[in-house]
Amino acid sequence: MAIKILANDGISETGKVALEREGFEVITTKVAQNQLVDYINKHSIDALIVRSATQVRKDIIDGCPTLKLIGRGGVGMDNIDVAYAKSKQLHVINTPASSANSVAELVFAHLFTGVRYLHDANRNMPLEGDQRFNELKKNYNNGAELRGKTLGIIGFGRSGQAVARIAIGLGMRVLAYDPNVQEAVITLSFFDGQETSFTVKTVAKEQLLMESDFITLNNSPADGGYVLDEEEFRMMKDGVGVINLSRGGALNEVALIEAIDHGKVAFAGLDVFENEPNPAIQVLMHPQISLTPHIGAATNEAQDRIGTELAAQIVTLLK
């Protein structure tokens with residue numbers, strides 16, 4: 001009998017094909033959270049794959065004796081009770097490498113947006129571009145270049161290193177902080193097959209906060225506390241740009257807005273929010289914040305890599 005996999009939040013076609021080629025049965029029916037236990041038991045599901053929508057808590061782990069594996073398509077596993085699942089001898093897997101480049105490119109989408117006021121211009125041009133063109137031009141005519149500036153990267157795992165790769169390519173100075181990483185080799189690969197490598201040593205968090213022109217959060221706070229709070233904002237340069245693509249709870253949004261309103265922070269770019277999926281209205285309406293709805297890993301290329309990476313791990317563990 002075929003091993004059954006429920007991809008409850010979907011899986012890329014490449015991942016599905018890779019699993020089916022190995023003889024697995026892949027079900028992509030979207031089952032409501034409160035019906036998951038019944039569905040898994042009724043269909044004798046062996047593996048449950050989720051993204052961020054489905055919660056895999058104690059009730060599912062305890063209530064579904066056929067489950068052997070839980071997979072998360074992506075990096076963060078906040079929606080899975082990982083330690084409990086492992087204590088029940090379930091395999092728990094994720095795909096930390098697959099989305100790093102997509103996340104890094106969105107960091108720079110927010111950075112370019114912030115230094116050239118695109119988020120605000122794109123709000124105002126449709127409304128007033130025909131009436132107040134010259135006035136708007138004046139409002140947005142003191143943009144900045146990223147080249148030659150210092151980028152502070154908090155969290156120097158795969159995503160943080162992918163951010164560093166782009167930053168170095170743009171001619172930026174990179175400062176990185178990560179208590180678990182001492183240094184990393186960043187390799188730039190070019191269209192003609194040439195490569196060049198740089199060794200980036202991590203620095204103290206205080207140095208990064210004081211010297212960076214822009215700061216990007218690319219880590220998940222292990223302790224659940226704020227990585228950037230009032231104290232950290234006070235240490236930053238005036239006019240800094242702050243980007244958060246890690247976790248909503250990594251950054252104190254109240255402290256951020258206060259820092260923006262007092263001129264400490266020039267702009268912010270947020271892809272994740274404290275009150276997801278209902279972000280605070282003060283954040284959504286702020287003219288100096290560039291906003292995306294948690295789409296860091298949401299590219300076709302990343303979803304294909306996630307699917308194939310999940311498939312490879314599942315084949316290794318269950319076949």
Side-chain angles (χ1 to χ4, degrees), residues 74-76 94 96-112 114-115 144-189 195-229 231-252 256 259 264-272 296-297 302:
V75 184
N94 66 341
S98 299
S99 54
N101 193 66
S102 295
V103 170
E105 289 193 8
L106 188 60
V107 167
F108 279 89
H110 280 291
L111 277 172
F112 280 119
V115 294
E145 294 184 1
L146 296 182
R147 185 177 180 82
K149 304 297 193 306
T150 299
L151 179 64
I153 303 169
I154 296 180
F156 210 44
R158 288 180 177 90
S159 292
Q161 291 174 32
V163 170
R165 199 173 300 123
I166 299 174
I168 292 167
L170 281 169
M172 301 185 82
R173 175 188 178 221
V174 169
L175 292 176
Y177 163 74
D178 191 317
N180 302 311
V181 180
Q182 287 188 307
E183 63 176 45
V185 176
I186 307 298
T187 302
L188 274 63
S189 304
E195 286 188 345
T196 185
S197 295
F198 301 83
T199 299
V200 177
K201 295 183 190 300
T202 52
V203 300
K205 188 178 178 184
E206 291 74 15
Q207 182 188 345
L208 182 149
L209 293 170
M210 290 190 291
E211 294 183 16
S212 297
D213 299 301
F214 310 102
I215 293 169
T216 170
L217 282 172
N218 285 88
N219 65 330
S220 300
D223 58 0
Y226 292 128
V227 178
L228 296 182
D229 206 343
E231 185 186 350
E232 284 77 18
F233 284 115
R234 276 196 294 272
M235 296 172 75
M236 294 176 193
K237 283 184 178 182
D238 289 346
V240 68
V242 175
I243 311 292
N244 184 16
L245 266 82
S246 60
R247 285 281 164 269
L251 179 151
N252 182 339
L256 171 68
K264 171 61 76 171
V265 173
F267 71 87
L270 302 179
D271 185 52
V272 289

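Everything numeric in this text was worked out from a predicted model, so none of it was measured.
For E183, the CD atom counts as densely surrounded, since its 6.0 Å shell holds more than 12 non-hydrogen atoms of other residues, nucleotides or ligands. Within 6.0 Å of CD on Q207 lie more than 12 heavy atoms contributed by other residues, nucleotides or ligands.
For the atom pair L270 CG and I243 CD1, the distance stands at 8.0 Å (nearest 0.5 Å). To the nearest 0.5 Å, atom CG of residue N252 and atom CD of residue E231 are 12.5 Å apart. Here CG of L106 is found 11.5 Å from OG of S99. Values are rounded to the nearest 0.5 Å. Taken from CD in Q161 to CZ in R158, the straight-line distance is 8.5 Å, to the nearest 0.5 Å. One distance of note links CD1 of I166 with CD of E105; it measures 5.0 Å at 0.5 Å rounding. Rounded to the nearest 0.5 angstrom, K264 NZ and L256 CG are separated by 13.0 Å.
Taking all atoms of both residues into account, the shortest heavy-atom contact from V174 to A167 is CG2-CB, 3.7 Å. In this structure, A184 and F156 approach most closely via the heavy-atom pair CB-CE2, 3.5 Å. Counting all heavy atoms, side chain and backbone alike, V103 lies closest to L245 at O-CD2, 3.5 Å. The two residues G239 and A266 come nearest to each other via the heavy atoms O-CB, 3.5 Å. The minimum heavy-atom distance between A104 and V163, with the atom names listed, is CB-N, 3.6 Å. What you find for T202 and V181 is that their closest heavy atoms are OG1-O, 2.7 Å.
For the pair L209/L228, a side-chain contact is recorded, criterion being any heavy-atom separation below 4.5 Å from C-beta on. Considering only heavy atoms from C-beta on, F214 comes within 4.5 Å of M172 through its side chain. Residues R165 and L188 form a side-chain contact, since some pair of their non-hydrogen atoms from C-beta on lies under 4.5 Å apart. Between F267 and V115 the shortest side-chain heavy-atom distance falls below 4.5 Å. Counting only heavy atoms from C-beta outward, the side chains of V203 and E211 never approach each other to under 4.5 Å.
Donor-acceptor pairing under 3.5 Å is recorded for the side chains of T187 and S197.
With hydrogens and angles ignored, the 3.5 Å screen pairs a side-chain donor or acceptor of N244 with a backbone N or O of R247. Between the K205 side chain and the V227 main chain, a donor and an acceptor come within less than 3.5 Å of each other. A donor-acceptor pair is defined here as one N or O able to donate and one able to accept, closer than 3.5 Å; such a pair exists between the side chain of S246 and the backbone of N219.
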Just do the side-chain contact (heavy atoms from CB on, under 4.5 Å) check on L111 and L151 with the steps written out, would you? CA-CA 10 Å; L111 277 172; L151 179 64; 4.1 Å; yes
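Between N218 and the choices I154, D178, V107, the side-chain contact (heavy atoms from CB on, under 4.5 Å) rule is met once, by V107.
For K149, the salt bridge (charged side-chain N to carboxylate O under 4.0 Å, His left out) criterion is met by no residue, not counting sequence neighbours.
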